[in-house]
Amino acid sequence: MRRLRGSATLRRMVRETALSVDDLILPLFVDHNVGGREPIDSMPGVSRLGVDLAVEEAQAASELGIPAVLIFGLPESKDALGSDAYDPDGIVQRAARAIKAACPDVVLIGDVCLCEYTSHGHCGVIQDGGVDNDRTLELLAETAVSQVEAGFDIAAPSDMMDGRVAAIRQALDGAGYQDRLIMAYSAKFASGFYGPFREAAGSAPQFGDRRTYQMDPPNAREALREIELDVQEGADLVMVKPALTYLDLVARARQRFDLPLVAYNVSGEFAMVKAAAANGWIDEQRIVYEILTGIKRAGADLIITYHATDAARWLREGSF
Ligand code: PBG
């Protein structure tokens, strides 16, 4: 076997998986209440941004060749029904208009969920102490329509309600947006790895947890059923989230479905790398290379990652 590893050139020739900048999606947090940039402590290098800086970061990503950004919004204020999520002049709608105007080639993906916008922090409408699935669907559909009206190319529902892909597809088609895509967070697990994101978005649930709608971590067959339903309901891209502790599902989904497959390298996965690197315990660049390459090798076509900008730079320099 060692004959195949004898030189850098030989290794390059027989390399089976190649990470490309085309595979990367950069998440951005846009905050109504931030003028410039407010760093997120648990996610070194990531900040909550005002609209102007979000435009700058999207532009910088695009110049590095990153094809798409995923936008999360922090509203001016939150309420029980998350109304800023579907306000035509809400924070992500304003950000989308500004980014589209400045860099029209960037693919804009909108996270469709209510948890960043609700005072209780749950991903839907609360009724009798629980999240009401079907009332939530109406608001998610309204959110998706208001996002694409503002210029989003892709609606990405992350709420894990049943039937949301069908509801959003129907609403988009009804509003004349047959051309806009749906990227479904299909197999999204109730995960401790979202901790830093919830700190960043102030979206931790005020009571209970998300286990009645996000998936139970031990369940793999159920994850494949979730993906299958989203395919039937009209999803254009499907996702497994988080990535690293669910790579078995990335591999199984790759074998079973022919749609583009996305994996979300989430905030907790990012924070662990950053913390260990800051302590000098790991070589960040090598680790990020292995993480992103591993996610691709498992079968993902696209990777949502907070490492996107660094990775794009390292790919460009040829140091990956
Ligand atoms: C909103 C949403 C979450 C993430 C993406 N969309 C948080 C959650 O479900 O609690 C997590 C992303 C990350 O951790 O990087 N529902």
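In each ligand, atom 1 is the first atom listed, and ligand 1 is the first ligand listed.
- Look at D153 and K100 and you find a salt bridge, because one of the NZ, NE, NH1 or NH2 atoms lies within 4.0 Å of a carboxylate O, short of that distance.
- Summary of contacts: the protein heavy atom closest to atom 10 (O) of ligand 1 is R198 NE, 2.6 Å.
- Within ligand 1, the atoms closer than 4.0 Å to a non-hydrogen atom of E116 are 1 (C), numbered from 1 in the order shown.
- Within the 4.0 Å heavy-atom criterion, the part of C113 lying near ligand 1 is the side chain and not the backbone.
- Counting atoms of ligand 1 from 1 in the listed order, those under 4.0 Å from a heavy atom of C115 are 1 (C), 16 (N).
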For this session: May I have the step-by-step check of side-chain hydrogen bond (donor to acceptor under 3.5 Å, both in side chains) for E38 and S47, ending in yes or no?
Result: CA-CA 5 Å; E38 196 174 288; S47 300; over 6 Å; no
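- Using a 4.0 Å cut-off between charged nitrogen and carboxylate oxygen, R164 and E138 do not count as a salt-bridge pair.
- For the pair R210 and ligand 1, a heavy-atom separation below 4.0 Å is found.
- Under a 4.0 angstrom heavy-atom cut-off, F270 registers as lying outside contact with ligand 1.
- Without hydrogens or angle criteria, Y194 side chain to F189 main chain gives a donor-acceptor distance under 3.5 Å.
- A side-chain donor-acceptor contact under 3.5 Å links Q285 to the backbone of S319.
- Each of the atoms 1 (C), 2 (C), 6 (N), 16 (N) of ligand 1 lies under 4.0 Å from some heavy atom of S158.
- Here K78 does not pair with E116 in a salt bridge; the nearest charged N to carboxylate O distance is not below 4.0 Å.
- In the vicinity of V266, heavy-atom distances shorter than 4.0 Å reach the ligand 1 atoms 13 (C), 14 (O), 15 (O).
- For Y117 and Y86, the distance between ring centers is not under 6.0 angstrom.
- To the nearest 0.5 Å, atom CG of residue L28 and atom CD1 of residue I99 are 6.0 Å apart.
- Using a 4.0 Å cutoff on heavy atoms, M160 does not count as a contact of ligand 1.
- Side chain of R11 to backbone of R5: a donor-acceptor contact under 3.5 angstrom is found.
- Closest to atom 16 (N) of ligand 1 among all protein heavy atoms lies K188 NZ, 3.1 Å.
- Applying the 4.0 Å criterion to heavy atoms of Y264 picks out, from ligand 1, the atoms 12 (C), 15 (O).
- Remark: ligand 1 atoms within the under-4.0 Å shell around heavy atoms of F72 are 5 (C), 6 (N).
- The shortest contact between atom 14 (O) of ligand 1 and any protein heavy atom is with S267 OG, 2.7 Å.
- Atoms of ligand 1 found under 4.0 Å from any heavy atom of K241, numbered from 1 in the order shown, are 2 (C), 3 (C), 4 (C), 5 (C), 6 (N), 11 (C), 12 (C).
- The distance from ligand 1 to the heavy atoms of Y306 drops below 4.0 Å at these ligand atoms: 12 (C), 13 (C), 15 (O).
- Contact annotation for D111 and ligand 1: only side-chain heavy atoms (C-beta onward) come within less than 4.0 Å of the ligand.
- Cluster annotation: V165 is connected to Y213 through the hydrophobic network of ILVMFWY side chains, with a link wherever side-chain heavy atoms come within less than 4.5 Å.
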